[in-house]
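This report concerns only the one structure given below.
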Amino acid sequence: MGKYPLWKYVLIFAVVTVGALYALPNVYGEDPAIQVSSTRTTKIDVTTLDRVKGVLDKAQLKYSSVKVDDTGLLVRFSDAEVQIKAQDLIREAMGAGYVVALNLAPATPDWMKTISALPMYLGLDLRGGVHFLMEVDMNAAISQSLERYKGDFRTILREKKVRYLEIAIGGEAAAGTGFVKLNFGSVQDRDEAQNIIRKEFASLVLKTEEDDKGSYLTASMSPSEQTETKKFAIQQNITTLRNRVNELGVAEPVIQQQGIDRIVVQLPGVQDTARAKEILGATATLEFRMVDEEHNALSAVNGVVPPGAKLYRERNGDPVLLKSQVMLTGDYIVDAKSGLDAQTGGSKVDISLDSKGGRLFENATKENVGKLMGVVFIETKTETKHIDGQVVKTKKRVEEVINVARIREQLGRRFQVTGLDSSNEARDFALLLRAGALAAPIDIVEERTVGPSLGAENIVKGFNSTLLGFTLIGILMSIYYLAFGVISVIALAINLLLLIAVLSIMQATLTLPGMAGIALTVGMAIDSNVLIFERIREELRNGVAPPLAISAGYDRAWATIFDSNITIFIAGFSLFLLGSGPVRGFAVVLCIGILTSMFSAILVSRALVQLVYGGKRLNKIAIG
């Protein structure tokens, strides 16, 4: 039978040991938990921790641990029913200044986390999570396009030195009748502007008219352009949502279009559902405007706002007048990173613009060196209220000046914004800017939470099916192939161990189809051993000595095993490339299972046979 090389034993021992170590975190599972996060006006500290502990102790609700980390306050429980009761009590006690959300917290020991030994991610059907159905406001997409055209007209006419009296938006975007109307002092100026706009914006429909107050040019979007704008809006929103989900660290999310104006977002096992909802639904951007230093902001509070200006409030409540003309918007931002200001120690966000935005900002700040500039933070949220037993959703647009500073020098593509309340706000703000602005506001029209209890039931069913298959195969192989059957069962167990370890190392997401792939792998993996054992039996029937028959069985079955497994691997790889969602999850498990089964069937089982029969004078072997 020959001597089995020592390096193969060392390799098998090392692989199995590492596999056992990285598969072990899946045994610990997760604890029912409650995540308490702060809002802009509150913070999480030791006082908050003591308040939560006091609420739970007073209600005599047992908890495993309470601790404060970078994401907020996390309370772990050993029972899901206690978790749900505690949520209501904590939410009532903390008030509207805090966000209280149900979560699942991994119970992996800290020493495993230090070596990146983490459990597999579980899909929405196994772990639970959140399902959002979002609706894109298409009318707002058209309105925003008209606003951009308005700004572009103002810029290009100023560059070409064409005089105009007024540029305004009219009509209704919802009815498809929105337009940008330009008023000129003379027909000559209007005709010159018409030629410029027609050359630069060929897709627009231009109309002219006159009356005793002036000459007018009306620019409207064609039906085909409105359709393209709506298509772009939903695709841009899908891309932005995907970027935001990636920033949140959610594994294997589902983000796809449903119908004409809706998007489905599934976040399996999200750790902070409240923050995820806030980040996904928020429409945040910046506007840079010059401060109107010629007029008094206090006078504007009484209702006398001068022409060409707009009244805002700073975060401390002080009024500030900014000019109506926008120097720069957040559409040109390509990167944003939060940090601490070295001079003041406060929070800041470093912003990078694209080349076009950099040129615009350079020109705008060059002309206003020495003057005050305001940074306006604009955020649109959807608020849900219960009125007379009905759920009423209203949009709230928050505009506040987060920073007013004097322009000391010409600014370029990179600069920083300060005036943020906390590092958490700076991090979320940078996330929204970095992920990109939504092309149009979105409303969450449906929200479903898949509870952990349903996921746990699916896990139990999947585990039991795999265990049943493994047990039946083990019994059959042990009866039919005797000692060699027992060896194949041990190799099959090692195959399952390695499969789970590889999925954990890859941080793959396991779903119900993935568990079906594991069960299928159990059945397929034993085929290799069957081929080997039948080849050994054939050699024994031909009168070959047992040691030589064992060697011949493993050597001559290799080509058949390789051919059969490589064809299945190609099929699985094709499913991964062409499939989506659950199909890809099944394909990943299938392909990895094929690789681990070949390792266990060829190397592991051969090593076990060598340990049992190696170095002995054999006249007979227990192979049935």
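All values derive from a computational prediction rather than experimental measurement.
- Within the 3.5 Å criterion, the main-chain N or O of Asp137 finds no donor-acceptor partner in the side chain of Glu135.
- For the pair Arg313 (side chain) and Glu399 (backbone), a donor-acceptor distance under 3.5 Å is absent.
- Nearest heavy atoms, Ile238 versus Gln256: CD1-C, 4.5 Å.
- Of the possible polar contacts, one joining the Asn26 side chain to the Ala23 backbone as a donor-acceptor pair under 3.5 Å is found.
- In the displayed structure, Lys62 atom NZ is contacted under 6.0 Å by at most 12 heavy atoms of other residues, nucleotides or ligands.
- Remark: Leu56 CG to Ile34 CD1 distance equals 7.0 Å, nearest 0.5 Å.
- In this structure, Phe599 has no ring pair (Phe, Tyr, Trp, His ring centres under 6.0 Å) partners at least two apart in sequence or on a different chain.
- Contact check for Leu118 versus Ser504: no side-chain heavy atoms found under the 4.5 Å cut-off.
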* Hey, mind stepping through Val68 and Asp45 against side-chain contact (heavy atoms from CB on, under 4.5 Å) and telling me if it holds? -> CA-CA 7 Å; Val68 176; Asp45 53 18; over 6 Å; no

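- When all heavy atoms of Pro513 and Phe586 are compared, the pair lying nearest together is O-CD1, 3.3 Å.
- Taking all atoms of both residues into account, the shortest heavy-atom contact from His131 to Val264 is CE1-CG1, 3.6 Å.
- Minimum heavy-atom separation, Phe569 to Ile594: N-CD1, 3.4 Å.
- Annotation: the span from Met515 atom CE to Asn464 atom CG amounts to 9.0 Å, rounded to 0.5 Å.
- Contact of the Leu499 side chain with the Thr521 side chain is registered, since non-hydrogen atoms from C-beta on lie closer than 4.5 Å.
- Without hydrogens or angle criteria, Ser478 side chain to Ile475 main chain gives no donor-acceptor distance under 3.5 Å.
- Considering only heavy atoms from C-beta on, Leu467 comes within 4.5 Å of Phe463 through its side chain.
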* Intermediate values then yes/no, side-chain contact (heavy atoms from CB on, under 4.5 Å), Val522 and Thr466 -> CA-CA 8 Å; Val522 171; Thr466 303; 4.0 Å; yes

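- For Asp57, the salt bridge (charged side-chain N to carboxylate O under 4.0 Å, His left out) criterion is met by no residue, not counting sequence neighbours.
- A side-chain donor-acceptor contact under 3.5 Å links Gln83 to the backbone of Ala33.
- Looking only at side-chain heavy atoms (C-beta outward), Ile263 and Gln258 stay at 4.5 Å or farther from each other.
- Taking OG of Ser600 as the start and CD1 of Ile526 as the end, the distance is 8.5 Å to the nearest 0.5 Å.
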* To do: I would like to know whether Leu590 and Leu520 meet side-chain contact (heavy atoms from CB on, under 4.5 Å); could you show each step before the answer?
  => CA-CA 8 Å; Leu590 180 63; Leu520 180 61; 4.1 Å; yes

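- The minimum heavy-atom distance between Thr108 and Ala117, with the atom names listed, is CG2-O, 3.7 Å.
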Donor-acceptor pairs under 3.5 angstrom involving side-chain atoms of residues 75-82: please list them, not counting sequence neighbours.
residue : atom : partner : partner atom : Å
Arg76   : NH1  : Asp31   : OD2          : 3.1
Arg76   : NH1  : Ala105  : O            : 3.4
Arg76   : NH1  : Pro106  : O            : 3.0
Arg76   : NH2  : Pro106  : O            : 3.1
Asp79   : OD2  : Glu81   : N            : 2.9
Asp79   : OD2  : Val82   : N            : 3.2

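- One finds the CD1 atom of Ile473 at 9.5 Å from the OG atom of Ser488 (value rounded to the nearest 0.5 Å).
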* Walk me through it: do Met120 and Gln507 pass the test side-chain contact (heavy atoms from CB on, under 4.5 Å)? => CA-CA 5 Å; Met120 286 182 289; Gln507 287 292 273; 5.9 Å; no

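- Among all heavy-atom pairs drawn from Ala607 and Ile12, the shortest one is CB-CD1, 3.6 Å.
- With rounding to the nearest 0.5 angstrom, the CZ atom of Phe573 is 7.5 Å from the SG atom of Cys591.
- With rounding to the nearest 0.5 angstrom, the CG atom of Asn237 is 9.5 Å from the CE atom of Met134.
- At least one side-chain heavy atom of Ile234 sits under 4.5 Å from a side-chain heavy atom of Gln257.
- Looking at heavy atoms from C-beta onward, Ile90 lies in side-chain contact with Val36 at the 4.5 angstrom threshold.
- Side chains of Leu73 and Leu49 form a contact here, defined as non-hydrogen atoms less than 4.5 Å apart.
- The side-chain heavy atoms of Glu400 and Val376, taken from C-beta on, include no pair separated by under 4.5 Å.
- One side chain, Asn495 or Thr596, offers a donor N or O that lies under 3.5 Å from an acceptor on the other.
- Thr47 and Asp50 are not linked by any side-chain donor-acceptor pair at a separation below 3.5 angstrom, with hydrogens and angles left out of the test.
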